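Structure first, then comments.
Just so it is clear: chains get the letters A, B, ... in the order the sequence lines come, proteins before strands, and each one is counted from 1. Predicted model only: the values in this text are computed from it and were never measured.
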Amino acid sequence: MAPKMRTRGTTRSLQSSNDEETKTNAHSEDSPLEVGQALRGKRKASGSGNTGKQESSKARKSPERPQYCHWLMKSEPESRLENGIDVKFGIEDLKTLPNQTGCWDGVRNYQARNFMRDMKEGQHAFFYHSNCKEPGIAGVMKIVKESYVDHTQFDKKDVHYDATSKADNPKWSMVDVQFERMLKRFIPLSELKKIHLQHKAKGGSLNGMALFTRARLSVQPLTREEFEFVLSLEDNNPL
DNA sequence: GCCAACGTTGGC
DNA sequence: GCCAACGTTGGC
């Protein structure tokens, strides 16, 4: 493996992939849940799901979560220490890994985790730079391995070690991502925000973009329309 | 199951 | 560095 670095909290870190456990498959049934669609308003107390277990109640019957096939994943491109460890991991760092591929570990938020569990091989995700001088979308990556157990949850030395997660029932998952390309130009959050506001007022593709409606989620879904709209901005002049 | 306290995210 | 937004925890 390789280096490892992490991003904050829910965001991720990475290391080269390799699978040790390819078969682990986290997915299992344990499913997830929460949220997805539900969350509408504010978080309802019941939590959204939360902990892996409780959702059981049957409340949710439907395995029906809307099927998304495009994603946005946040990571911090600038150095920042968390428990003495640098969590920096920008798109340039991903390019540096063997095969330009790494595992997106360190996600410790159930909604974000569940979105990763929904990811399918071959789908695309934007690499978003957060908590930095110029936040925004830097490039595109591809999901190259579907969700499996995030080993960092059991590593006491890791920033995202989770003492509450048991080996026989791991809480956290990760996927492997491969760098695909940089955007032709960096699309800053400020520009996306202006467009979002316009679209909210008069209609448009970025009307309900999760980046604004669920700002703190580090792994979020995009509709095809949103994904394509963002890509179309590459050829425009900055707003 | 409710909800106040607490912790984290992440823009600014 | 500040702090608003919001997810999580835990008492009751």
Just how far, in rounded Å, is [atom2] of [N] from [atom1] of [X]?
| X | N | atom1 | atom2 | result |
| --- | --- | --- | --- | --- |
| A:Arg108 | B:dT9 | CZ | C1' | 16 Å |
| A:Phe89 | B:dG10 | CZ | C1' | 19 Å |
| A:Lys88 | B:dG10 | NZ | P | 18 Å |
| A:Glu78 | B:dT9 | CD | C1' | 15 Å |
| A:Arg80 | B:dG11 | CZ | C1' | 13 Å |
| A:Asn109 | B:dG7 | CG | P | 17 Å |
| A:Leu217 | B:dT9 | CG | C1' | 11 Å |
| A:Phe212 | B:dC12 | CZ | C1' | 14 Å |

All salt bridge (charged side-chain N to carboxylate O under 4.0 Å, His left out) counterparts of [X], not counting sequence neighbours:
| X | answer |
| --- | --- |
| A:Lys194 | none |
| A:Glu121 | none |
| A:Lys95 | A:Glu92 |
| A:Glu191 | A:Arg185 |

B:dG10 phosphate, OP1 or OP2, under 4.0 Å from A:Lys74 side-chain N/O: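 For B:dG10, OP1/OP2 do have a side-chain N/O of A:Lys74 under 4.0 Å.
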
A:His129 and A:Phe186 aromatic ring geometry - parallel, tilted or perpendicular at 30°/60° bounds: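 A:Phe186 and A:His129: tilted rings.
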
Sugar-phosphate only, base, or nothing, as touched by A:Tyr128 at under 4.0 Å among non-hydrogen atoms: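 Sugar-phosphate, no base atom in range.
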
Identify all pairs in which a protein N or O lies below 3.5 Å from an N or O of nucleotides 3-5 of chain C, and state each distance.
| unit_1 | atom_1 | unit_2 | atom_2 | d |
| --- | --- | --- | --- | --- |
| C:dA5 | N3 | A:Arg216 | NH1 | 2.9 |

Partner set under ring-ring contact (aromatic ring centres under 6.0 Å, His included) for A:Phe227, not counting sequence neighbours: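 Here the qualifying residues are A:His70, A:Phe126.
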
